[in-house]
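One structure is given here, and the rest of the page talks about it.
In what follows, chains are A, B, ... by sequence order, proteins preceding strands, each numbered from 1.
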There are 2 protein chains.
Amino acid sequence: MTAAANQNGRRATASRRLERAGIRDVAAAAGVSITTVSDALNGKGRLPDETRSRVREVAERLGYRPSAAARTLRTGRSGLIGLTVTTYGEEPFTFTEFAYFAEMARAATSAALGRGYALVVLPASSRHDVWSNIALDGTVVIDPPDQDPLVTELYRSGVPVVSDGKPGNCPVTAWVDNDHEAAVLNILEHLSDAGARRIGLLTGTSTDTYTRLSTEAYLAWCDRVGQEPVYEAYPAHDPAAGAVAADRLLARPDRPDAVYGLFDPNGTDLLAAARRYGLRVPDDLLLVCCSESDVYANTEPPITTLSLKPRRIGTTVVNLLIDAIEGVDAGTGTATGRLFPPRYRTAGTGPPPGTLMPTELIVRASSQRRTPRTTVSPPRAPGEV
Amino acid sequence: MTAAANQNGRRATASRRLERAGIRDVAAAAGVSITTVSDALNGKGRLPDETRSRVREVAERLGYRPSAAARTLRTGRSGLIGLTVTTYGEEPFTFTEFAYFAEMARAATSAALGRGYALVVLPASSRHDVWSNIALDGTVVIDPPDQDPLVTELYRSGVPVVSDGKPGNCPVTAWVDNDHEAAVLNILEHLSDAGARRIGLLTGTSTDTYTRLSTEAYLAWCDRVGQEPVYEAYPAHDPAAGAVAADRLLARPDRPDAVYGLFDPNGTDLLAAARRYGLRVPDDLLLVCCSESDVYANTEPPITTLSLKPRRIGTTVVNLLIDAIEGVDAGTGTATGRLFPPRYRTAGTGPPPGTLMPTELIVRASSQRRTPRTTVSPPRAPGEV
DNA sequence: GGAGGGCGGAGATACGTTTCTCCATGAGCG
DNA sequence: CGCTCATGGAGAAACGTATCTCCGCCCTCC
């Protein structure tokens with residue numbers, strides 16, 4: 001009785017001036033208890049439809065919006081997922097991964113939204129106080145470096161973490177990555193088939209998984225087919241360095257007659273360098289680069305690109321993460337059941353489950369030596385209005 | 001006494017198995033009260049440095065992380081800012097604004113982070129339950145359509161809203177936009193100076209501020225100088241339609257000898273269309289388009305672009321929003337003082353304060369009829385290694 | 001006629017902070 | 001010696017929700 005008077009009377013005694021309606025106000029206006037309002041609005045409990053709709057109506061009339069903070073505190077779920085992007089220097093996410101990241105983030109946002117979650121963009125360089133000030137249900141990490149302290153702390157504190165890019169030593173809940181080895185081998189074969197005798201590589205100096213696996217696959221292939229490796233590495237986050245490295249690669253005495261560039265801007269840089277040295281593409285030099293940008297469909301000549309299919313990656317990462325969030329026992333962080341369908345698992349118990357996604361090679365003129373059509377590819381629907 | 005036993009004893013009686021340490025645990029371990037822990041960690045209250053550091057040490061040892069949800073509930077601040085992006089169809093943010101949006105979001109993220117806030121990406125098409133499930137301190141809205149119900153509701157419920165793009169009928173706290181009129185006039189003058197006699201426009205069919213203001217400025221200029229308007233409009237969110245529209249514009253009997261394209265892909269589309277019709281750029285056709293992409297530095301010929309300086313926009317929008325958040329009286333949403341420095345205000349009381357930001361015209365070969373250097377622009381640091 | 005069971009709903013507690021209020025102690029001072 | 005003040009810190013009330021527990025009622029069935 002006393003407590004009841006307290007609950008309903010508190011607001012009345014305290015000068016409540018124009019504050020937003022709370023659940024108590026709705027309860028009072030509808031003539032029911034707080035419990036009933038909560039149940040009616042959340043579709044829980046056992047209530048006749050009449051009461052349910054009446055409460056909803058009153059809530060609507062009062063413009064009631066449940067407090068997200070209170071709900072999060074109570075339920076332990078915020079509906080928020082962190083999206084961690086690597087940073088170089090001051091700016092979030094690097095230039096070289098620009099289109100890739102944008103596409104991936106877009107797909108991730110859509111996927112999360114479809115399941116009732118929203119994404120919080122959190123550069124890895126964020127001040128720690130920002131991180132700890134946000135209630136996250138889980139985190140997506142893009143290409144974590146080895147031994148990322150951030151990931152380790154998150155994982156330890158029970159927050160599910162799914163990484164885009166096979167993690168090095170970080171413990172993660174799950175990971176998704178392209179099959180970079182297969183992709184590189186496929187490209188090398190493709191170039192060989194087009195007549196390449198010496199294939200060069202434009203690669204990066206950083207130690208992320210993508211760079212490492214791709215370079216290793218290239219070196220292994222060289223070793224297998226007996227070609228001397230011809231490559232230049234440069235800091236991939238520096239856009240100017242890419243042009244210099246491309247130039248350097250084509251200036252070598254053992255100049256390659258085909259080049260695969262690992263990063264987005266390499267295509268245009270290599271094309272420019274080739275022009276500079278009077279090399280015709282594809283006649284004197286075959287070109288492939290990894291890019292999500294469609295500008296390479298319109299360069300002169302159009303350049304063959306490898307797409308990592310970032311949309312699929314983004315969608316998969318988010319779905320894996322939400323599966324983990326919703327399937328995990330909130331208390332201890334131990335799994336209540338199988339987190340992933342069997343196809344997702346790599347090993348029984350040790351390493352975290354990983355998913356390998358295929359890539360797509362978009363073949364254009366730059367990697368086909370004798371192209372049947374020497375004319376410019378016809379514009380899109382030229383006569384069509 | 002009883003209450004004290006309750007506060008400290010609750011966890012002991014309840015089976016507390018491996019739960020994360022709370023502020024109570026820290027207080028108990030440090031032999032002080034909850035209040036003292038809170039004060040010590042937040043730098044409030046009057047405490048000797050010795051106590052402060054001791055509490056901090058204990059908290060560190062226990063791995064204490066304050067609950068963001070509880071803090072948000074108590075303080076009414078989440079440190080979260082919504083970033084609303086327009087959507088076309090299923091996907092968040094449209095293709096045509098891709099580079100612009102990416103740059104803008106990047107800058108906004110940095111700016112927010114620097115002030116202790118994080119950004120939540122929220123497509124305008126989000127289900128309402130997602131919106132209301134997130135505690136937002138404020139929202140950035142990109143180019144809201146007229147009478148956006150989302151913005152209206154947010155504003156009504158007291159959440160500060162700052163829009164990128166002058167809002168139509170939505171009530172917002174403040175807005176930021178480029179001076180589109182000045183930009184268009186500048187371009188038209190620039191083309192005239194280069195010898196253009198009839199300037200065409202490639203524009204969009206949507207009703208957003210950017211499209212509307214730019215088109216109006218073009219029409220007004222035509223009217224003033226006595227040129228018959230020559231323009232084609234197409235749905236800007238459809239990338240294929242742009243190529244068709246570019247073709248149509250150059251196929252007209254009253255073919256323009258200079259074109260300004262409002263959207264990013266227009267440059268390549270117009271270039272391709274010009275080739276198709278045997279028009280040389282810039283000799284037969286002067287070209288300018290609005291774009292943030294640097295691919296236009298390397299096209300053949302390089303194309304003059306108008307940059308909207310999205311980084312500056314993003315930074316400004318976020319700073320304006322955070323100013324509003326931190327300067328607003330939490331209770332009623334009324335301002336406690338001047339929200340913005342005088343230079344931000346347009347009118348005394350009626351319309352929300354708006355800021356106009358300058359644009360930048362990056363002049364390249366495509367808009368200069370007699371260019372002094374007919375050679376290809378030198379590559380970046382060709383001799384440098 | 002009493003016991004059990006389903007229905008509809010109320011009470012109260014806990015989520016983990018922040019912060020307002022207030023108390024004890026000791027020093028300074030008239 | 002008593003009063004005031006500053007210092008250091010404790011108590012307890014919120015913040016607004018979800019949910020666990022339990023209670024009354026009416027109906028039915030043995």
Just the rounded figure in Å: distance from [atom2] of [N] to [atom1] of [X].
X       : N      : atom1 : atom2 : value
B:Arg20 : C:dA14 : CZ    : P     : 20 Å
B:Arg24 : D:dA10 : CZ    : P     : 16 Å
B:Arg65 : C:dT17 : CZ    : P     : 12 Å
B:Ile34 : C:dT21 : CD1   : P     : 19 Å

Could you check which of C:dA12, D:dA10, C:dT17 has an atom nearest any side-chain atom of B:Ser33?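 Nearest to the side-chain atoms of B:Ser33, counting from C-beta on, is D:dA10.
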Specify the angle, to 10°, made by the local axes at the two ends of the helix from C:dG1-D:dC30 to C:dG30-D:dC1 when five pairs are taken at each end.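 Here the helix ends are tilted 60° relative to one another.
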What residues, two or more places apart in sequence or in another chain, satisfy side-chain contact (heavy atoms from CB on, under 4.5 Å) together with A:Glu57?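 With neighbours one apart ignored, the set is empty.
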side-chain contact (heavy atoms from CB on, under 4.5 Å) with A:Asp137: which residues, sequence neighbours excluded?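 Expected list: A:Arg77, A:Ser78, A:Tyr117, A:Ile325.
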Quick one, which residues of residues 37-54 of chain B touch DNA chain D with a heavy atom under 4.0 Å?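 B:Arg46, B:Leu47, B:Pro48, B:Thr51 - these, ordered by number, are the residues of the stretch whose heavy atoms sit under 4.0 Å from the strand.
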What is the nucleic acid contact for A:Thr36, judged by heavy atoms within less than 4.0 Å: base, sugar-phosphate only, or nothing?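 Sugar-phosphate, backbone atoms only, no base.
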Criterion side chain to side chain contact (heavy atoms under 4.5 Å, CB included) against A:Val37, the qualifying member of A:Thr51, A:Val32, A:Val58: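 When side chain to side chain contact (heavy atoms under 4.5 Å, CB included) is applied between A:Val37 and each of A:Thr51, A:Val32, A:Val58, only A:Val32 qualifies.
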Minimal non-hydrogen separation, [X] against [Y], with atom names:
X        : Y        : result
A:Gly116 : B:Val130 : CA-CG2, 3.9 Å
A:Ile322 : A:Ala112 : CD1-CA, 4.2 Å
B:Pro144 : B:Asp148 : CB-OD2, 4.2 Å

Main-chain N/O of A:Ile34 paired to A:Ser38 side chain as donor or acceptor, under 3.5 Å: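 Not at all, since once roles are kept as given, no pair shorter than 3.5 Å links the two residues.
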Should the heavy atoms of other residues, nucleotides or ligands under 6.0 Å from CD of B:Glu60 be counted, would the total exceed 12?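 Result for CD/B:Glu60: open.
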Specify the residue among B:Ile23 and A:Val32 whose closest nucleotide of DNA chain C lies further upstream toward the 5′ end.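 Of the two residues, A:Val32 wins.
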Could you list by number each residue of residues 67-74 of chain A showing a heavy-atom separation from DNA chain C of less than 4.0 Å, or answer none if no residue does?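 Those residues are A:Leu73, A:Arg74.
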My understanding is that only residues two or more places apart in sequence, or in another chain, count here; which of them pass salt bridge (Lys or Arg N to Asp or Glu O under 4.0 Å) with B:Arg115?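 In terms of salt bridge (Lys or Arg N to Asp or Glu O under 4.0 Å), with neighbours along the sequence ignored, B:Arg115 is linked to B:Asp323, B:Glu326.
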Hey, what do you get for CG (B:Leu122) to CD1 (B:Ile134), rounding to the nearest 0.5 Å?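 Between B:Leu122 CG and B:Ile134 CD1, I get 5.0 Å after rounding to 0.5 Å.
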Rounded to the nearest 0.5 Å, what separates atom CG in B:Asn133 from atom OG1 in A:Thr75?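 With rounding to 0.5 Å, CG (B:Asn133) is 8.0 Å from OG1 (A:Thr75).
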Which residue lies toward the 5' end of DNA chain D, A:Thr35 or B:Thr35, if each is placed at its nearest nucleotide?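 The answer here is B:Thr35.
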